[in-house]
Amino acid sequence: MPYFIEAILPLALPNTFTYAVTEAEYGFLQQGMRVAVPFGKNKIYTGLVASLHQTPPRLYEAKEIHHILDEKPIVTPIQLQHWKWVADYYMCTIGEVYKSALPSGLLLESETIITPKKDFVAEGADLNDEEYLVYEALQVQSALKIQEVSNILNKKTVLPVINRLISKNAISLQEEISEKYKPKAIRYIRLQEQFLQQEQLSQLLEVLSRAKKQREAVMHYFQLQASDKKPVAVKKLTDAGITATVIKSLIDKEIFEEYYIEEDRIQFEGSNNAGFSLSEKQQLAFNSITTSFEQHNVTLLHGITSSGKTEIYIKLIEGYIQSGKQVLYLLPEIALTAQLVIRLSAYFGNKVAVYHSKYSNNERVESWLQVLEGSEKAQVIIGARSALFLPFNNLGLIVIDEEHEQSFKQQDPAPRYHARDAAIVLANYHNAKVLLGSATPSLESYFNVQSGKYGYAELKERYGNVIPPEIILIDLKDKYKRKQMTGHFSDTMTDAVAETLALGKQVILFQNRRGFSPYIECMTCGHVPQCPQCDVSLTYYKYKNALRCHYCGYHIASPTQCHKCHSTDISTKGFGTEQIEQELKVLFPEKNSWRMDQDTTRGRHGYEKIIDSFKNREIDILVGTQMLAKGLHFDNVGMVGILNADNMLYQPDFRAFERAYQMMVQVAGRAGRKNDRGRVLVQTYNPLHNVIRQVTENDYEGMFAEQVYERHNYKYPPYYRLIRITLRHKDYEKVKNAALWLYNVLCSQLQVPVLGPEEPAISRIRNEYIRSLMVKIPPGTGLQPTKKAILKVLQSLDAVAQYKAVKITINADPY
DNA sequence: AGCACGCCGACT
DNA sequence: GTCGGCGTGCTC
């Protein structure tokens, strides 16, 4: 009787793959274990066992698995079910979900290793120069990777050389798959057993009387052991000034012996319970959440900025972990985890674990395994969207903070999932509750509240008498007419900044565009430098004196004269954070201003450094992009300035107004503190615009009503569901035709509206032309059947020879 | 997706 | 004459 498994491979292929296993393996293997399997000509992948069966494939011979990587499953049945849902809903393969769900430390890929054959002699084998170089390198290193061979020969195509060496019997190839995860081990020492008795010990000290250093080391060891009553780590001795050589010779003399204990890489120290109690309003909100959970699985907490939502989350989480449940806390931005970990571990001690993509491989594997075991140390998980894929087995609650943030939706590699929506599905599988929190809920969530699908709780009062900020509108048209502008600052704005600083408070300025200016223009011929690979103008960076493309990274030195007409009269157009920072240096030369955007927050701690120095008041004025709007708390900010509200309002996106509202309210929320009313200054050409008015009046309901009305009229979410199909190819005509073909077929096959084919605002990126189509699914129309039909149409597109090279991406619920 | 295979233009 | 460009087909 043959035995088989179905394995999921981390690839964008629609099917699972069948592999043959032995009877013993069949008995041992379970769903959710990893297996190393050969795939294609000479590659080994980490497959995941999806099922076991005994039906031989009919059209091909199943390969045998290479070996088994786990002793017990590392992926739970619920996860597999959830992955399946993600793959179906977001229209990608389960392999893609698997690939992004598993930490890369658990997802190994093979590497081809070249080793020399022992009995080969170079003499008389007539190797050419390249072959000899490889042979020689192998005498020194005894194993090479393909990449290394390529470096040695200084060219890309090395396979012919390798093949010739194989045929000459000089080398052989192996596929190596190495476990990347290594538990961190701490080195300890202890006295060999025979010295544990008193007399031997005195003897020992006698023996060492002439080796002063070694004697000292042994004495010190005793001290440590007596005081700590714990195993003695080698590091403790070296810290005390005992050298590694001394320890080594003691080990060599068999006086000490060394041993290792695995240690957790991540440890949060925390005094358990820095007890606090909720304010009256917070308690009310807390109560309405718990009541709401009796009827609804999902509840939205609509709490204005600085109303103390986090305290409510903490109280809620406490209840769940007391009953032994796991809690997942999702944040929109990795950079926010640091602040939150401090707050939560002060309360829950080392029950808090973190998980996000900036964590090292090993750290992520560790958290994964802890969650899988249901370890005490990972009862509360804080993470960005990928933490959703951890192997929970007893999940009780998911908190999604800043629920409206668009970064919860994964944009680029598939699966293009929305963490909020996927979390709600996951919670259902676990019978867990979901709490969404935001000061400016997404229209989707608030809509679900109104229709009774979600529960609702609100917190409409700032914590501890913080008065909501005063919002002042500045009419730019008027200011320019009256010549009251200095650069991009109106006199009102400059005065307010000066006043705030004079009071010893800090200022935040918001400009949603990085760089110095979005483009430069020749004042003689009107030429605007463009990216040669993308259909965008190049952003000017004054500091680096460069022009840069935000889409492909292309950059050139900033021209001194126009490339077209050689005029030297070049002017910058528009403005970004860098320019504002420059202007500040002139306006407030003795104040310390700093800039926070993607360009200054590179690196693992770039962001935290800026935040910390702002908190420590080393920075007086912080200029930043939308990064500033994401749930940061500062307690000395006297005013917030929005330099140009208009560029947010006029984006070609049906969500532009909602976003502009959210962004402005969020940024405004950074102003003010206890007993001190903050000020928010908004510069705009449209002071009468509805969204601006809604921001000043803090009228979420008004914004919601107006936007929802528009969405209804123009057939957009939350009424209609959207699926965007994007086509890319370097041949302009080819994409254009393929998009038209696709449009026609979709229209004839689907009974729903299809928009397009549309040339997006940026119609070419990295030399690929882009077209997009939008399928709109009306309320009440089945999602699954429509998606199935779309996939079928795309398959038939793939069957058209001239179009199959066109790259296609599908984005369900684009955000 | 990756990767091998296969066919065609630009140079050591 | 090879190197490396890309189009094509396949992966249990």
Side-chain angles (χ1 to χ4, degrees), chain A residues 2-22 25-26 29 34-67 87 90-102 104 107-112 128-131 133 145-147 149-150 153-164 166 173 175 177 410 412-416 726 728-731 733-735 738 766-768 791 794-795 797-810:
Chain A
Y3 302 93
F4 300 98
I5 59 160
E6 291 301 314
I8 302 167
L9 296 187
L11 298 168
L13 291 168
N15 301 314
T16 55
F17 292 82
T18 312
Y19 285 90
V21 291
T22 64
E25 287 167 336
Y26 188 81
L29 280 169
R34 292 173 306 150
V35 283
V37 293
F39 190 72
K41 252 188 152 352
N42 43 22
K43 214 149 167 50
I44 294 173
Y45 281 104
T46 309
L48 190 79
V49 179
S51 64
L52 299 121
H53 64 89
Q54 300 200 299
T55 327
R58 300 167 88 204
L59 301 169
Y60 53 88
E61 185 86 9
K63 283 186 186 170
E64 284 172 23
I65 65 164
H66 206 279
H67 58 267
Y90 293 103
M91 303 174 81
C92 65
T93 70
I94 195 149
E96 288 170 310
V97 184
Y98 167 51
K99 188 173 181 175
S100 72
L102 225 64
S104 52
L107 199 64
L108 321 155
E109 261 190 71
S110 67
E111 218 164 6
T112 308
N128 69 25
D129 288 355
E130 289 186 334
E131 289 161 20
L133 274 172
K145 293 168 188 162
I146 295 280
Q147 184 59 48
V149 176
S150 162
L153 301 180
N154 200 13
K155 63 179 193 182
K156 270 189 181 170
T157 319
V158 293
L159 232 68
V161 182
I162 291 168
N163 284 335
R164 267 178 277 141
I166 294 173
L173 295 183
E175 286 299 306
I177 181 159
Q410 168 138 319
D412 223 354
R416 298 179 179 78
T726 309
R728 289 177 299 139
H729 197 272
K730 60 178 168 43
D731 183 339
E733 284 297 315
K734 203 172 242 190
V735 228
R766 290 173 202 272
N767 271 330
E768 283 182 325
L791 288 177
L794 288 175
Q795 261 177 31
L797 177 80
D798 198 45
V800 182
Q802 19 171 333
Y803 300 143
K804 75 168 84 186
V806 176
K807 291 175 201 145
I808 294 184
T809 49
I810 314 177

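The shown structure was predicted, so the numbers you read here are calculated from the model rather than taken from an experiment. Because only heavy atoms are used, hydrogens play no part in the values below, and waters and symmetry mates are left out as well, while side chains stay in. Chain A is the first sequence line, chain B the second, and so forth, proteins listed ahead of strands; every chain is numbered from 1.
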What does the list of N/O pairs under 3.5 Å between the protein and nucleotides 7-9 of chain B look like, with a distance for each?
none

Report all interatomic pairs (protein N or O, nucleotide N or O of nucleotides 8-12 of chain C) with separations under 3.5 Å.
unit_1: C/dT11; atom_1: O3'; unit_2: A/Gly40; atom_2: N; d: 3.2
unit_1: C/dC12; atom_1: OP1; unit_2: A/Gly40; atom_2: N; d: 3.3
unit_1: C/dC12; atom_1: OP2; unit_2: A/Gly40; atom_2: N; d: 3.4
unit_1: C/dC12; atom_1: OP2; unit_2: A/Lys63; atom_2: NZ; d: 2.5
unit_1: C/dC12; atom_1: O3'; unit_2: A/Thr18; atom_2: O; d: 2.6
unit_1: C/dC12; atom_1: O3'; unit_2: A/Lys63; atom_2: N; d: 2.9
unit_1: C/dC12; atom_1: O2; unit_2: A/Thr18; atom_2: N; d: 3.0
unit_1: C/dC12; atom_1: O2; unit_2: A/Tyr60; atom_2: OH; d: 2.3
unit_1: C/dC12; atom_1: N3; unit_2: A/Tyr60; atom_2: OH; d: 3.0

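Under the side chain to side chain donor-acceptor pair (under 3.5 Å) criterion, A/Thr809 pairs with no residue at all, not counting sequence neighbours. For A/Lys730, the side chain to side chain contact (heavy atoms under 4.5 Å, CB included) criterion is met by no residue, not counting sequence neighbours. Judged as a side chain to side chain donor-acceptor pair (under 3.5 Å), and not counting sequence neighbours, A/Asn15 has no contacts. Evaluation of the side chain to side chain donor-acceptor pair (under 3.5 Å) rule for A/Ser51 yields no partner, not counting sequence neighbours. Under the side chain to side chain contact (heavy atoms under 4.5 Å, CB included) criterion, A/Leu52 pairs with A/Ile5, A/Tyr26, A/Leu29, A/Val49, not counting sequence neighbours. Taking A/Ser100 as the reference, nothing meets the side chain to side chain donor-acceptor pair (under 3.5 Å) condition, with sequence neighbours excluded. In this structure, the side chain to side chain contact (heavy atoms under 4.5 Å, CB included) partners of A/Lys63, at least two apart in sequence or on a different chain, are A/Tyr19, A/Pro38.
For C/dG5, neither phosphate oxygen OP1 nor OP2 lies less than 4.0 angstrom from any side-chain nitrogen or oxygen of A/Lys730.
One can place NZ of A/Lys807 at 13 Å from C1' of C/dG7, the figure rounded to the nearest angstrom. Here C/dC6 presents its P atom at 14 Å from CG of A/Asp731, a figure rounded to the nearest Å. Summarising the geometry, the separation between CD on A/Glu96 and P on B/dA1 is reported as 7 Å, rounded to the nearest angstrom. Here B/dG2 presents its P atom at 17 Å from CD1 of A/Ile44, a figure rounded to the nearest Å.
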Side chain to side chain contact (heavy atoms under 4.5 Å, CB included) between A/Thr18 and A/Glu6, worked out: CA-CA 5 Å; A/Thr18 312; A/Glu6 291 301 314; 2.9 Å; yes
